[in-house]
**Student:** 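Here you go, one structure.
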Number of protein chains: 2
Amino acid sequence: MKNCTEKKSEHLNCSIRQILDRFGDKWSILIISTLGHVGKQRFNELNQQIGDISQKMLTVTLRSLEADGLISRTLYPEIPPRVEYELTDLGRSLLPHIEQLALWAEQHMETILKNREKYASQKVS
Amino acid sequence: MKNCTEKKSEHLNCSIRQILDRFGDKWSILIISTLGHVGKQRFNELNQQIGDISQKMLTVTLRSLEADGLISRTLYPEIPPRVEYELTDLGRSLLPHIEQLALWAEQHMETILKNREKYASQKVS
DNA sequence: CAGTATCCTAGAAGATACTG
DNA sequence: CAGTATCTTCTAGGATACTG
């Protein structure tokens with residue numbers, strides 16, 4: 001890993017590396033975005049909402065998001081137990097940027113896929 | 001993978017999955033951002049600029065970005081050969097959003113790291 | 001219900017050597 | 001210089017079974 005203090009000019013690169021480190025995994029962004037739309041939600045509700053996440057990864061990702069203060073976890077000590085997850089203010093502050101990226105995807109992903117096909121077919125010839 | 005056409009309400013989730021699929025790897029975003037700042041750049045220059053990327057991953061990532069039309073590759077058939085990489089308009093259109101995320105990281109990453117420490121120390125007790 | 005605890009695997013990424 | 005071509009490693013993530 002590059003030493004991020006070496007040059008002023010690398011501050012941006014360094015921030016990007018931090019973003020990738022934190023949110024470059026498979027589920028963090030998706031969970032934040034989901035909680036952003038539906039608001040408060042229980043473990044199994046999230047599980048179903050996302051659909052193709054394993055129980056393990058849901059647990060692991062929720063824990064790490066909680067550890068970083070991006071979501072809050074509230075346990076209601078009933079039987080059976082109820083646990084509700086919710087974005088914190090910090091987590092919510094990330095939402096607009098995620099939505100910007102999603103919007104960019106909506107606008108450009110079709111072009112990208114077409115480019116990709118064209119490139120692949122050129123490779124053949 | 002979820003079927004992204006099943007519900008209107010899942011369009012956003014779906015776009016986010018596309019973003020993660022395309023840019024969730026280790027180097028794409030970093031290369032785009034680097035080319036965004038320095039402009040046109042040669043293979044070995046990029047290699048040095050980034051510092052800790054392997055030759056293989058630089059090649060692989062540049063190829064996939066080129067295939068998707070996010071960067072352009074210009075070969076000058078000299079000896080020794082010279083190759084220059086540059087963002088396309090499509091690639092450049094992504095820059096502001098990357099910078100927004102980087103800015104968010106600059107503003108909040110310290111808090112996140114502190115939260116993480118606090119959480120870890122609570123775990124011990 | 002909301003998780004742990006294990007085991008296991010695919011594939012992303014790295015190291016190294018070679019080349020037009 | 002700007003790459004291939006192999007081989008290897010590593011770990012994120014998944015599958016499954018169990019539990020307070």
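Lettering follows sequence order; numbering is per chain, from 1. Since the structure is predicted, the reported quantities are computational estimates derived from the model, not experimental observations.
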**Student:** Measure the shortest side-chain to side-chain distance between B/Gln49 and B/Gln41 over non-hydrogen atoms and say whether it is less than 4.5 angstrom.
**Tutor:** yes
**Student:** Quick check on DNA chain D: between B/Glu84 and A/Gln55, whose nearest nucleotide comes earlier from the 5' end?
**Tutor:** B/Glu84
**Student:** Taking all atoms of both residues into account, what is the closest heavy-atom pair of A/Leu87 and A/Ile32, and its distance?
**Tutor:** CD1-O, 3.8 Å
**Student:** Quick check on contacts: within residues 63-76 of chain A, what sits under 4.0 Å from DNA chain C by heavy-atom distance?
**Tutor:** A/Arg63, A/Arg73
**Student:** Roughly, in whole Å, what's the span from CG in B/Asp25 to P in C/dG14?
**Tutor:** 11 Å
**Student:** Carefully, step by step, assess A/Val60 and A/Trp27 under the rule side chain to side chain contact (heavy atoms under 4.5 Å, CB included).
**Tutor:** CA-CA 10 Å; A/Val60 166; A/Trp27 300 112; over 6 Å; no
**Student:** Give A/Lys56 one of three labels, base, sugar-phosphate or nothing, depending on what nucleic acid heavy atoms sit under 4.0 Å from its own.
**Tutor:** base
**Student:** Between A/Gly24 and A/Pro81, just flag the one whose closest nucleotide in DNA chain D comes earlier from the 5' side.
**Tutor:** A/Gly24
**Student:** Excluding sequence neighbours, so at least two apart, what forms side-chain hydrogen bond (donor to acceptor under 3.5 Å, both in side chains) with A/Glu66?
**Tutor:** B/Tyr119
**Student:** Wobble G-U and Watson-Crick pairs count when both distances are under 3.5 Å; given that, what is the 5' to 3' dot-bracket string of DNA chain C, with | for pairing to other strands?
**Tutor:** ||||||||||||||||||||
**Student:** Nucleotide range of DNA chain D contacted by chain A, 5' to 3', under 4.0 Å to a heavy atom?
**Tutor:** D/dG13 to D/dG20
**Student:** Could you give the distance from CG (B/Leu30) to CG (A/Leu12), rounded to the nearest 0.5 Å?
**Tutor:** 9.0 Å
**Student:** Between B/Leu75 and B/Leu58, is there a shared hydrophobic cluster once you connect ILVMFWY residues whose side-chain heavy atoms come closer than 4.5 Å?
**Tutor:** yes
**Student:** Which pairs count as salt bridge (charged side-chain N to carboxylate O under 4.0 Å, His left out) when at least one residue sits in residues 97-118 of chain A, sequence neighbours excluded?
**Tutor:** A/Arg116-B/Asp68
**Student:** Walk me through it: do A/Phe23 and A/Leu94 pass the test side chain to side chain contact (heavy atoms under 4.5 Å, CB included)?
**Tutor:** CA-CA 11 Å; A/Phe23 300 106; A/Leu94 191 59; 3.5 Å; yes
**Student:** Does CD1 in B/Ile79 sit with more than 12 non-hydrogen atoms of other residues, nucleotides or ligands closer than 6.0 Å?
**Tutor:** no
**Student:** Going by salt bridge (charged side-chain N to carboxylate O under 4.0 Å, His left out), name the pairs with one or both residues in residues 84-94 of chain A, residues two or more places apart or in two chains.
**Tutor:** A/Arg82-A/Glu84, A/Asp89-A/Arg92
**Student:** Kindly compute the distance separating OG (B/Ser15) from NE2 (A/His108), expressed to the nearest 0.5 Å.
**Tutor:** 12.0 Å
**Student:** Give the rounded distance in Å between these two atoms: CG of B/Leu58 and C1' of C/dA13.
**Tutor:** 13 Å
